[in-house]
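Small disclaimer: the values here were computed from a predicted structure and weren't measured. Here, residue 1 is the first one in the sequence, and each next residue gets the next number.
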Amino acid sequence: MPPKDNNPNGPAVAKRVKISKTQQQTLLIALITAVVVGVCGVLAVFFGKYINFNKRVIAAKDEAISNYEKTIKNVGLCLDRDKDGKFSEDEIKKCNPDDLNSANLTGTLRYNVMVNMANNTDLESVARDSQKDCYDAAGKKIDWQKKFDETEDDEEQSKYLSMLKMCSALRVIPDALPAQMNEEALMSSLNQVFLLSNWEPESISPSGSATAGTTGISTIPISLVVETTNDRAMTVLSNIEKSIRTFDIKTARISWSRNDFLTIRGQGVAYYTEDADVVQTIETVYASDAAKKKGRTGN
């Protein structure tokens with residue numbers, strides 16, 4: 001019979017020590033698991049936000065590419081060779097606007113200007129027939145558009161484009177709405193009206209500084225004094241109204257003298273276009289709608 005163990009710190013204490021170690025291991029494992037789960041949760045949130053942000057960036061890039069493609073297509077800078085409505089990188093690299101035939105760009109701004117407007121008979125009748133350089137020795141009208149499309153020489157293209165503008169209906173456009181402020185040209189336009197009216201003005205002059213109006217359009221103030229017979233005054237006003245260049249009379253004061261002369265003192269404006277440039281905007285992409293709102297308000 002084995003001897004009786006009278007040690008009070010015997011097997012029971014050993015069991016309690018083992019249980020305590022097991023609990024410690026369990027708690028340690030639970031702690032490590034909790035840390036791992038927490039880290040995974042943080043990483044999951046981070047990567048979720050990262051993926052969402054990149055989706056927004058990709059969407060913004062796609063929108064920018066789409067806008068560039070629309071601009072190129074609408075203006076008529078490149079030819080969509082595969083007719084898929086998009087411009088590949090290879091098509092962009094091979095694109096040279098000067099090599100394109102405007103007739104192949106139906107529906108674009110270039111086609112409307114170089115083909116439709118250049119051949120508009122209503123506009124054409126205003127100025128084309130008065131230009132001798134628009135005809136060859138046989139009296140036939142020269143097709144400057146065809147010459148422009150057929151040559152690859154930059155100097156010749158520049159010359160033919162200039163002749164195309166002068167000999168086509170496009171010549172009327174700068175006459176009607178000049179591309180820059182030019183007071184001398186303005187006085188010349190009014191002088192042409194007075195010559196047609198067989199009348200010499202008492203006074204005419206620009207009456208102030210040019211001012212911006214509608215987007216892309218600016219005005220030159222003018223002051224005009226018409227003092228002549230009733231019939232002649234009406235002829236002058238009628239020819240001003242018929243002028244290809246628009247003159248808006250803002251205010252006018254009319255008086256009659258004893259010798260049946262009519263005096264008109266008017267203040268008006270003439271128009272010209274401002275320089276137009278392609279505006280490239282910068283779009284800021286935010287990680288969330290809340291960040292976007294905060295970024296805009298500056299809070």
(request) Apply side-chain contact (heavy atoms from CB on, under 4.5 Å) to the pair Arg265 and Ile254, showing each step before the final yes or no. (result) CA-CA 7 Å; Arg265 300 179 183 274; Ile254 303 175; over 6 Å; no
(message) Can a side-chain donor-acceptor contact be found between Gln267 and Ser223 if the only test is distance below 3.5 angstrom?
(response) yes
(request) Find out whether Leu237 and Ile249 are in side-chain contact, i.e. whether some heavy atom of one side chain is under 4.5 Å from a heavy atom of the other. (result) no
(request) Please answer: with hydrophobic residues joined when any side-chain heavy atoms are less than 4.5 Å apart, are Ile222 and Phe194 in the same cluster? (result) yes
(message) Under 4.5 Å between side-chain heavy atoms, counting indirect links through other Ile/Leu/Val/Met/Phe/Trp/Tyr residues: same cluster for Ile72 and Leu109 or not?
(response) no
(request) Answer yes or no: is there a side-chain heavy-atom contact under 4.5 Å between Trp256 and Asn230? (result) yes
(message) Keeping Thr235 on the side-chain end and Asp231 on the backbone end, is there a donor-acceptor pair under 3.5 Å?
(response) yes
(request) Measure the spacing between NZ of Lys70 and CD of Glu63 and express it to the nearest 0.5 Å. (result) 8.0 Å
(request) Could you tell me how the ring of Phe47 sits relative to the ring of Tyr50: parallel (under 30°), tilted (30 to 60°) or perpendicular (over 60°)? (result) perpendicular
(message) Using side-chain heavy atoms (C-beta onward) and a distance below 4.5 Å, is Ser189 in contact with Phe247?
(response) yes
(message) Could you go through Leu195 and Gln192, starting from their C-alpha distance and side-chain angles, then the distance that decides it, and tell me whether this counts as side-chain contact (heavy atoms from CB on, under 4.5 Å)?
(response) CA-CA 5 Å; Leu195 289 175; Gln192 179 68 17; 4.3 Å; yes
(request) Taking all non-hydrogen atoms of both residues into account, name the closest pair between Tyr160 and Phe148 and its distance. (result) CD1-N, 3.8 Å
(request) Give the cluster check for Met181 versus Leu190: same hydrophobic cluster or not, with ILVMFWY residues linked at side-chain heavy-atom distances below 4.5 Å. (result) yes
(request) Return yes when atom CD of Glu156 has more than 12 non-hydrogen atoms of other residues, nucleotides or ligands closer than 6.0 Å, and no otherwise. (result) yes
(request) Kindly indicate whether the side chain of Ile264, heavy atoms from C-beta on, has any atom under 4.5 Å from the side chain of Val225. (result) no
(message) Tell me if a side-chain donor or acceptor on Thr33 pairs with a main-chain N or O of Ile29 at a distance below 3.5 Å.
(response) yes
(request) Take Leu262 and Thr229, measure what side-chain contact (heavy atoms from CB on, under 4.5 Å) needs, and give me the verdict at the end. (result) CA-CA 6 Å; Leu262 179 67; Thr229 62; over 6 Å; no
(request) Quick one: which residue pairs count as a salt bridge (Lys or Arg N to Asp or Glu O under 4.0 Å) with a foot in residues 29-57, not counting sequence neighbours? (result) Arg56-Asp289
(request) Quick one: which residue pairs count as a salt bridge (Lys or Arg N to Asp or Glu O under 4.0 Å) with a foot in residues 236-256, not counting sequence neighbours? (result) none
(request) Give, for atom CG of Asp90 and atom SG of Cys95, the distance between the pair rounded to the nearest 0.5 Å. (result) 11.5 Å
(request) Look at the side-chain heavy atoms of Ile, Leu, Val, Met, Phe, Trp and Tyr, link any pair under 4.5 Å apart, and say whether Met187 and Trp199 land in one connected group. (result) yes
(message) For a 4.5 angstrom cut-off between non-hydrogen side-chain atoms, does Tyr111 reach Asn116?
(response) yes
(message) Checking the side chain of Thr108 only, and the main-chain atoms of Leu105 only, is there a donor and an acceptor separated by less than 3.5 Å?
(response) yes
(message) Holding to side chain to side chain donor-acceptor pair (under 3.5 Å), I want the full list of residues that pass it with Asn67, two or more places apart in sequence or in another chain.
(response) none
(message) Keeping Thr263 on the side-chain end and Thr228 on the backbone end, is there a donor-acceptor pair under 3.5 Å?
(response) no
(request) Could you please spell out the steps behind the side-chain contact (heavy atoms from CB on, under 4.5 Å) verdict for Ile240 and Leu224? (result) CA-CA 12 Å; Ile240 289 177; Leu224 173 67; 3.9 Å; yes
(message) Using every non-hydrogen atom in the two residues, find where Ser197 and Asn239 come nearest and quote the distance to one decimal.
(response) OG-ND2, 2.6 Å
(message) Return the NZ to CD distance between Lys147 and Gln157, rounded to the nearest 0.5 Å.
(response) 13.5 Å
(message) Looking at Arg110, I want to see if its CZ is surrounded by more than 12 non-hydrogen atoms of other residues, nucleotides or ligands under 6.0 Å.
(response) yes
(request) First locate atom CG of Asn198, then atom CG of Leu196, and finally report the distance between them rounded to the nearest 0.5 Å. (result) 10.0 Å
(message) Exactly one of Leu43, Val36, Val37, Val42 should register a side-chain contact (heavy atoms from CB on, under 4.5 Å) with Val39. Which one does?
(response) Leu43
(request) Decide whether Phe87 and Leu77 are clustered together by the hydrophobic rule: side chain heavy atoms of Ile, Leu, Val, Met, Phe, Trp, Tyr closer than 4.5 Å, transitively. (result) yes
(message) Within the 4.5 Å heavy-atom criterion, are Lys146 and Glu150 side-chain neighbours or not?
(response) yes
(message) For Gly48, is there any backbone N or O sitting under 3.5 Å from a side-chain donor or acceptor partner on Asn52?
(response) no
